[in-house]
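For reference, the structure discussed in these notes is given below.
Just so it is clear: chains get the letters A, B, ... in the order the sequence lines come, proteins before strands, and each one is counted from 1.
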2 protein chains.
Amino acid sequence: MKITPAQRHNHIKELLAKDIAFTVSELAVKFNVSEMTIHRDLNKLEKQGHIQRVHGGVLPTERMEFEFDFANKRATNRKFKQAIAKSALTLIEPGQRLILDTGTTTLELAYLLKNFPNLTVITPSLAVASVLQFADGVETILLGGSIRHGSPDLTGAVAEHVLDMFAVDIAFQGADAIGDDGRIYNIDVRMARVDQKIRQRAAQTHILCDSSKIGSTSLAANGSLRDVDSLITDSNISQEYIDRFEKLGTKLTIV
Amino acid sequence: MKITPAQRHNHIKELLAKDIAFTVSELAVKFNVSEMTIHRDLNKLEKQGHIQRVHGGVLPTERMEFEFDFANKRATNRKFKQAIAKSALTLIEPGQRLILDTGTTTLELAYLLKNFPNLTVITPSLAVASVLQFADGVETILLGGSIRHGSPDLTGAVAEHVLDMFAVDIAFQGADAIGDDGRIYNIDVRMARVDQKIRQRAAQTHILCDSSKIGSTSLAANGSLRDVDSLITDSNISQEYIDRFEKLGTKLTIV
DNA sequence: TTGAGATGTTATAAAATGTTATGTTTGCGG
DNA sequence: CCGCAAACATAACATTTTATAACATCTCAA
């Protein structure tokens with residue numbers, strides 16, 4: 001069976017993550033390639049910071065990798081999400097305090113904030129936190145709380161309680177669905193409660209949501225577009241929804 | 001049997017969603033088209049953000065990886081740390097509520113708890129949280145707070161505040177150093193404050209610390225061995241320290 | 001029929017791999 | 001401590017595999 005170089009690299013990383021030791025020649029046999037190829041693989045992985053080489057072998061790198069299954073959704077509509085995030089960025093000014101909610105679109109915004117000077121970001125999302133942890137200009141505060149199974153974010157009484165300690169300038173929230181009546185839905189009840197709380201603690205709230213989620217519903221409504229300051233979405237939104245939402249008095253930004 | 005390009009695209013996406021990787025030539029055979037066609041398919045899918053190409057083939061749909069830098073050397077004294085963790089494990093019973101502090105030794109304990117039935121674990125450590133997030137029998141609660149730069153854990157007023165909400169059966173703490181007078185040190189002032197708070201919230205506290213850290217000091221003392229219920233360490237501890245610590249009234253467990 | 005999109009073919013470029021020669025480290029015996 | 005052999009690592013080059021570009025052919029629906 002033939003595999004690609006990239007697969008081989010991943011395989012090696014997995015072995016290390018499991019703390020399995022190996023020699024170069026073992027790997028060469030295992031993958032049925034020459035030792036030279038393994039050397040090149042290891043050099044590449046080292047340059048990327050995934051492993052640490054020593055003479056005669058490999059050490060697991062001194063960092064932990066955390067994997068959260070993001071339900072494979074990050075890639076979907078990525079271009080739109082990035083455009084939406086870019087638009088949201090223009091609302092932010094140095095020195096402000098933000099809440100960045102869970103979601104793939106808000107995560108794109110987090111990437112854009114990496115080089116922003118002097119911000120405080122509060123988030124229930126471990127994903128957002130991991131993106132911002134090395135951003136020098138950004139103080140990152142993670143809400144406490146229970147870790148939702150299978151999703152990297154924090155909810156529950158603790159999270160809600162911690163939110164009470166803060167007041168911020170702007171909140172950016174995602175949405176799992178927006179109904180045609182303008183109601184905003186979460187896929188999880190506890191997350192919906194957190195989202196409600198977040199709006200209470202922010203002077204203004206903006207919803208970042210790509211058009212594919214508009215016109216559908218999900219488990220728990222956390223409020224309505226009436227309750228927020230604007231919706232930022234992409235140009236695939238149908239005219240019908242534009243009209244409806246404007247009737248609700250919602251400011252629409254279409255990128 | 002003939003299928004349309006769009007069907008082929010969908011088929012490819014489905015296969016990848018199932019965590020299966022492919023080489024270009026495999027796909028060419030599978031769909032009975034030329035490799036050139038597969039190349040064109042993959043390019044199109046990649047542009048739409050649906051797949052991730054690599055030289056030679058395609059990778060399964062991406063899982064997100066979050067990395068938190070782990071400054072401390074997990075590998076150092078690993079054997080001892082594991083032995084210490086194993087000893088700590090015997091103190092724990094099903095149904096209990098624990099606090100697991102930050103540190104490489106407590107992290108080893110977290111690994112051992114993965115299959116423990118019915119526990120509640122409160123932790124300021126993102127590393128511990130990530131280890132336990134998929135443990136079915138363990139409810140994991142992360143303290144909130146600021147993310148320390150270069151170390152994946154949570155400190156500050158928020159963390160301390162959240163701790164006030166809880167009371168637990170046992171706390172397991174690490175130590176960056178233990179002085180010859182029995183004082184327990186942290187490398188970080190804010191972490192020291194959290195550690196003090198943790199002891200207040202636990203009916204009993206055990207220090208897990210390998211012998212290499214005994215007899216040294218660090219920046220901030222968070223208390224003394226007098227204040228805790230036991231110290232679990234390895235057999236490399238010198239007789240001198242054993243005597244000293246026993247004079248303090250500290251229970252020593254040497255593994 | 002015709003023209004746009006899809007596919008195949010061939011030539012060329014780029015990436016990956018293997019081979020051999022040449023350095024480097026490690027550990028051992030003096 | 002030194003020198004030396006064995007194991008390990010790199011460099012340079014040749015070969016093979018894979019990717020792209022350009023052009024020819026085919027298909028199907030208007």
- prompt: side chain to side chain contact (heavy atoms under 4.5 Å, CB included) between B:Ile254 and B:Ile242: does it pass, once the steps are laid out?
  reply: CA-CA 10 Å; B:Ile254 297 172; B:Ile242 295 179; 3.7 Å; yes
- request: May I ask you to decide if B:Asp243's main-chain N or O and B:Glu246's side chain share a donor-acceptor pair within less than 3.5 Å?
  value: no
task: Spell out, as yes or no, whether a donor-acceptor pair under 3.5 Å connects the side chain of B:Asn186 to the backbone of B:Val189.
output: no
Spacing between A:Lys44 atom NZ and D:dT10 atom C1', to the nearest angstrom: 16 Å
- request: Nearest whole angstrom, please: distance from the C1' of D:dT10 to the CG of A:Asp41.
  value: 15 Å
statement: Closest non-hydrogen contact found for B:Glu46 with B:Ile51 is N-CG1, 3.7 Å
message: Please compare A:Thr4 and B:Arg8 by the position of their nearest nucleotide in DNA chain C and report the one closer to 5'.
response: B:Arg8
query: Does B:Thr37 make a side-chain N or O approach to OP1 or OP2 of C:dG8 shorter than 4.0 Å?
result: yes
task: Answer yes if the side chains of B:Arg53 and B:Asn43 hold a donor-acceptor pair under 3.5 Å, and no otherwise.
output: yes
query: Can a donor-acceptor pair be found between the side chains of A:Glu108 and A:Thr105 at a distance below 3.5 Å?
result: no
Can you name the atoms? Protein N/O to nucleotides 17-21 of chain D N/O, anything below 3.5 Å, with the distance.
from   : atom 1 : to      : atom 2 : distance (Å)
D:dT18 : OP1    : A:Lys2  : NZ     : 3.4
D:dT18 : O3'    : B:Gly56 : N      : 3.1
D:dA19 : OP1    : B:Gly56 : N      : 2.5
D:dA19 : OP2    : B:His39 : NE2    : 3.0
D:dT20 : OP2    : B:Arg53 : NH1    : 3.1

